[in-house]
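Take a look at the structure set out below.
Just so you know, these numbers come straight off a predicted model, no measurement behind them. The chains referred to below are lettered A, B, ... by the order of the sequence lines, with proteins before strands, and numbering in each begins at 1.
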Number of protein chains: 2
Amino acid sequence: MPQPIEFFFDFSSPYGYLASRKIDEIGARYGREVLWKPILLGAVFKLTGSQPLVQVPMKSDYVARDFARFARLLGVEFKMPENFPFSSIHAVRSFWWAEGQNPKLAHDLGQHLLNTAFSGKDIASAHAVAAAATEIGIDSAALLAGIESQEVKDRTRRESDAAIARGIFGSPYIVIDGEPFWGADRLHQVEKWLEAGGW
Amino acid sequence: MPQPIEFFFDFSSPYGYLASRKIDEIGARYGREVLWKPILLGAVFKLTGSQPLVQVPMKSDYVARDFARFARLLGVEFKMPENFPFSSIHAVRSFWWAEGQNPKLAHDLGQHLLNTAFSGKDIASAHAVAAAATEIGIDSAALLAGIESQEVKDRTRRESDAAIARGIFGSPYIVIDGEPFWGADRLHQVEKWLEAGGW
């Protein structure tokens with residue numbers, strides 16, 4: 001069995017959202033499972049001295065144009081959340097809470113939260129995350145209790161620390177058999193790598 | 001006649017070098033001239049708070065691996081200069097000096113200086129730039145005098161200011177009919193844009 005593809009993303013990352021809409025079908029095309037792993041870029045940005053692209057002088061106009069243009073190219077819906085960038089801590093905790101019960105459920109929740117955020121809606125608060133989760137049949141009271149548990153907080157911290165220790169510094173960040181690819185604009189290289197087994 | 005493609009790059013940018021090896025053939029495929037425009041990213045980085053990727057914690061290892069991997073994918077030679085990042089002021093001035101005489105000569109000098117730098121050799125000093133220029137038949141004494149002239153210094157400053165005023169913040173940065181594309185990993189989008197006339 002080939003190793004799964006690891007798909008690291010931040011819920012507040014437009015490029016992470018764009019990649020999320022394609023990575024599963026790319027994996028399926030090459031017989032690979034895709035493991036979704038949400039990260040908290042805020043912690044990474046402190047280490048790298050980075051800031052969200054939309055806040056960087058000169059780059060902000062470019063990326064706003066590019067998000068929409070890239071989405072059109074991929075054929076996916078895209079609308080920036082009014083509140084941006086937003087804290088994704090509740091979204092990440094809800095993902096790891098769901099993952100503790102059922103990895104498939106966590107995946108579906110992850111995709112739904114990204115889709116919700118980049119259809120322009122809020123997923124920053126625990127309440128907003130829970131409201132979105134009910135739309136795919138998740139019990140909101142269970143989710144709200146779950147993300148406050150120490151177990152889920154610890155899991156979130158552990159996954160975040162592990163990603164940083166492995167040098168994951170951006171979103172999306174895709175790892176195939178140990179080979180890292182950073183950025184939505186590398187999806188075609190990801191495909192080539194899967195097809196050719198490297199170059 | 002279609003508008004020329006504008007190709008902005010920094011002589012000290014590995015991704016700029018990689019794009020330089022492909023942009024002319026992409027332009028030719030779609031009947032477009034390519035105007036090469038070297039910029040000084042140092043001035044931009046002061047405005048954007050950026051720093052060279054090779055100096056950013058966590059990112060430096062990734063980009064070192066990626067430069068070489070990307071070069072293999074494009075099928076071009078690649079070796080990092082020992083001294084990196086280096087000042088490209090003399091390279092840029094020599095480009096605009098040559099351009100004042102003959103745009104084709106400037107293009108060829110630009111490509112040769114990039115090829116020299118990313119075959120691992122020094123092009124930081126005026127002497128090193130002149131030595132490389134003689135390899136394509138340019139008179140080194142004329143170049144050394146030219147890049148010290150006020151006219152060439154002014155032209156360099158004017159081009160740099162104009163690029164910044166237009167929001168050019170990275171290397172490579174490619175503009176097609178007003179549409180900007182940042183990064184060597186956008187070459188396939190550049191091709192698609194040229195082929196389809198936008199999307």
(request) Specify the closest pair of heavy atoms between B:F169 and A:Y62, including all atoms of both residues, with the distance to one decimal. (result) CE2-CB, 3.5 Å
(request) Consider only side-chain heavy atoms of I, L, V, M, F, W and Y, link residues closer than 4.5 Å, and tell whether A:Y30 and A:V190 are in one cluster. (result) yes
(request) Check A:D185 against B:H188 and note the closest heavy-atom contact, atom names and distance. (result) O-CE1, 3.9 Å
(message) So for atom CD, which belongs to A:E135, do other residues, nucleotides or ligands contribute more than 12 heavy atoms lying within a distance under 6.0 Å?
(response) yes
(request) Kindly give the heavy-atom pair with the smallest separation between A:D66 and B:Q189, and that separation in Å. (result) OD1-OE1, 4.4 Å
(request) Give a yes or no on this: more than 12 heavy atoms of other residues, nucleotides or ligands lie within 6.0 Å of atom CD of A:E82. (result) no
(request) Heavy-atom distances under 4.5 Å only: say whether B:R65 touches chain A with side chain, backbone, both or neither. (result) side chain
(request) Give, as side chain, backbone, both or neither, the part of B:R186 having an atom under 4.5 angstrom from any heavy atom of chain A. (result) side chain
(message) Does B:M58 form a side chain to side chain contact (heavy atoms under 4.5 Å, CB included) with A:I164? I'd like the steps, not just the answer.
(response) CA-CA 9 Å; B:M58 300 183 79; A:I164 288 173; 4.1 Å; yes
(request) Verify the cluster assignment for B:V56 and A:F8: are they in a single hydrophobic cluster under the rule of side-chain heavy atoms below 4.5 Å apart? (result) no
(message) Could you check whether any side-chain N or O of B:W199 sits under 3.5 Å from a backbone N or O of A:R72, counting only pairs where one atom can act as donor and the other as acceptor?
(response) no
(request) Treating Ile, Leu, Val, Met, Phe, Trp and Tyr as nodes and any side-chain heavy-atom pair under 4.5 angstrom as an edge, say whether B:I89 and B:I123 lie in one connected cluster. (result) yes
(request) Give a yes or no on whether A:E151 atom CD has more than 12 heavy-atom contacts from other residues, nucleotides or ligands under 6.0 Å away. (result) no
